[in-house]
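Worth knowing before you read on, the calculation uses all heavy atoms, side chains too, and leaves out hydrogens, waters and symmetry mates. Each ligand, and each atom within it, is numbered from 1 in the order the structure gives.
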Amino acid sequence: MLEETNHHVVPTANFTDKIVCVTGGSRGIGRAIIKAFDALGATCGIIYRSDDASAERILTELEGTNHRLFKADVSDPDQAAKVIDDLIQAFGKIDIFVNNAGIGSHHPIDEMSYTDWQAHFKKIMAINFQAGANLSHQVSQHMIAKKSGYIINVTSRGAFRGEPLQPAYGASKAAMNSLTQSLAYALAPHNIFVGAVAPGFVETDMAKERLEGPRGDGIRSQSPMNRVAKPEEVAQAVVLMASSPIWMTGGIFDVNGASYFRT
Ligand code: NAP
């Protein structure tokens, strides 16, 4: 269905019978994704690691009353498996699963000892990549059984452009894009959509220090709109992807304000 707004024609989908689960759903982009799906009538599972106050706060901001919080460190394979079991037990199914939780870390190669270099890679890959791979395995078992589902990964422009100051971060996001395409192919026969949304800089806690620091103006000027994304804009892209036909599976949406064009 298409609906006219002021200047745009936007697709609207009905999510009222949908269960949407988002890792890192308590803050930043994940919080905006939860709020967007809540506004469209979905019931949400909000997965977070440790910040109870932010998690409790989002529940008070939502219109729906059946949303639930799930506290788990998804970089731990056992906790990742358990949280999927807990979600299924709570809701009976998962229609849309968003691998959004992630962290960054500053570790330029010319400033790192070999030990520190390895520690950064180990930590970043565990959260930004391995967690997504493990959660995708576990959630897809349920989606295969019901022959439907959407898995959407929040990756990054850095996967394409490179991240010289955060090389493990860039590598983890490139790995998630590759996983997206591998799983899109593998799960298409089961009617499961797998896609990714790749933002540039977004106004969240993760980027706050850089956006407010001396590099801030330079970062904003990367886009001809001279700003970075609002979390709500990334959330809108995720909703759009979750409304996409299965034929668009394997797609990676660039959400970077024309700041970088990949070929
Ligand atoms: P954020 O504001 O720092 O929020 C991170 C969220 O992830 C929090 O809810 C946090 O929970 C959760 N989380 C972190 N580690 C976790 C773990 N091990 N297990 C479970 N939950 C965990 O981050 P954001 O900026 O919204 O980023 C969200 C995603 O977008 C990330 O994948 C990031 O790489 C990507 N992204 C961000 C930007 C940007 O400029 N912000 C640009 C491109 C891509 P707690 O608060 O409880 O720890």
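Regarding atom 34 (O) of ligand 1, its nearest protein heavy-atom neighbour is Y169 OH, 2.6 Å. Closest to atom 20 (C) of ligand 1 among all protein heavy atoms lies A72 O, 3.1 Å. Nearest protein neighbour of atom 31 (C) of ligand 1, counting heavy atoms only, is N100 O, 3.1 Å. What sits closest to atom 8 (C) of ligand 1 on the protein, heavy atoms only, is R27 NH2, 3.8 Å. Nearest to atom 12 (C) of ligand 1 among the protein's heavy atoms is G24 CA, 3.5 Å. Taking atom 25 (O) of ligand 1 as the reference point, the nearest protein heavy-atom neighbour is T204 OG1, 2.5 Å. From the protein, the heavy atom lying nearest to atom 42 (C) of ligand 1 is G200 O, 3.0 Å. Protein heavy atom nearest atom 19 (N) of ligand 1, with residue, atom name and distance: V74 N, 3.0 Å.
The aromatic rings of H120 and H107 lie parallel to each other, with less than 30° between the two planes, well short of the 60° mark.
Which parts of ligand 1 touch V154 is read off a 4.0 Å heavy-atom cut-off, strictly below it: atoms 29 (C), 30 (O), 32 (O), 35 (C). Close approach of ligand 1 to S50 (heavy-atom distance below 4.0 Å) involves ligand atoms 45 (P), 47 (O), 48 (O). With ligand atoms numbered from 1 in the order given, ligand 1 contributes 7 (O), 13 (N), 21 (N), 22 (C), 32 (O) to contacts under 4.0 Å with heavy atoms of A101. If you number the atoms of ligand 1 from 1 as listed, the ones under 4.0 Å from a heavy atom of G102 come out as 31 (C), 32 (O). Within the listing of ligand 1, atoms 40 (O) sit less than 4.0 angstrom from a heavy atom of A207.
Donor-acceptor pairing under 3.5 Å is recorded for the side chains of T155 and N177.
Here H67 contributes atom NE2 and D38 contributes atom CG; the two are 3.5 Å apart, rounded to the nearest 0.5 Å. Interatomic distance, NZ of K173 versus CD of E163, reported as 10.0 Å (0.5 Å rounding).
V238 and I151 end up in different hydrophobic clusters when Ile, Leu, Val, Met, Phe, Trp and Tyr side chains are linked at under 4.5 Å. Tracing side-chain contacts under 4.5 Å through hydrophobic residues (I, L, V, M, F, W, Y), one reaches V202 starting from Y48; they form part of the same cluster. Residues I152 and I19 do not share a hydrophobic cluster, defined by chaining ILVMFWY side chains whose heavy atoms lie under 4.5 Å apart.
Residue-to-ligand polar distances place D73 within reach of ligand 1: an N/O pair is separated by less than 3.5 Å. Remark: ligand 1 and N128 share no N or O pair separated by less than 3.5 Å (distance only, no angle test). In terms of polar-atom proximity, V202 is counted as a contact of ligand 1, with an N or O under 3.5 Å from an N or O of the ligand. Between I47 and ligand 1, not a single N/O pair is under 3.5 Å apart.
None of R57, R31, R27 except one satisfies the salt bridge (Lys or Arg N to Asp or Glu O under 4.0 Å) rule with D51; the exception is R27.
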Exercise for the section: For the pair D95 and Y150, evaluate side chain to side chain contact (heavy atoms under 4.5 Å, CB included) and give the outcome as yes or no after the intermediate values. Expected result: CA-CA 6 Å; D95 297 299; Y150 280 72; over 6 Å; no

Exercise for the section: Check step by step if side chain to side chain contact (heavy atoms under 4.5 Å, CB included) holds for S136 and N99. Expected result: CA-CA 8 Å; S136 297; N99 281 307; 3.2 Å; yes

Handout entry: side chain to side chain contact (heavy atoms under 4.5 Å, CB included) evaluation trace for L87 with I47
Key = CA-CA 10 Å; L87 288 160; I47 305 156; 3.8 Å; yes

Exercise for the section: Determine, stepwise, if the pair S105 / K123 fulfils side chain to side chain contact (heavy atoms under 4.5 Å, CB included). Expected result: CA-CA 9 Å; S105 79; K123 185 173 175 193; over 6 Å; no

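Cation-pi contact between R157 and Y260: absent, since separation from the ring centre below 6.0 Å together with deviation from the ring axis within 45° is not met.
Under a 4.0 angstrom heavy-atom cut-off, A198 registers as lying outside contact with ligand 1. In this structure, T155 has a heavy atom closer than 4.0 Å to ligand 1. Between T23 and ligand 1 there is no heavy-atom distance shorter than 4.0 Å. In this structure, S26 counts as a contact residue of ligand 1, since one of its heavy atoms falls inside 4.0 Å of the ligand.
The option with the heavy atom closest to atom 16 (C) of ligand 1, from among R210, R49, E203, is R49.
In summary, K82 and D86 engage in a salt bridge, as defined by a charged side-chain N under 4.0 Å from a carboxylate O.
Contacts with ligand 1 closer than 4.0 Å are made by side-chain heavy atoms of K173 only, the backbone lying farther away.
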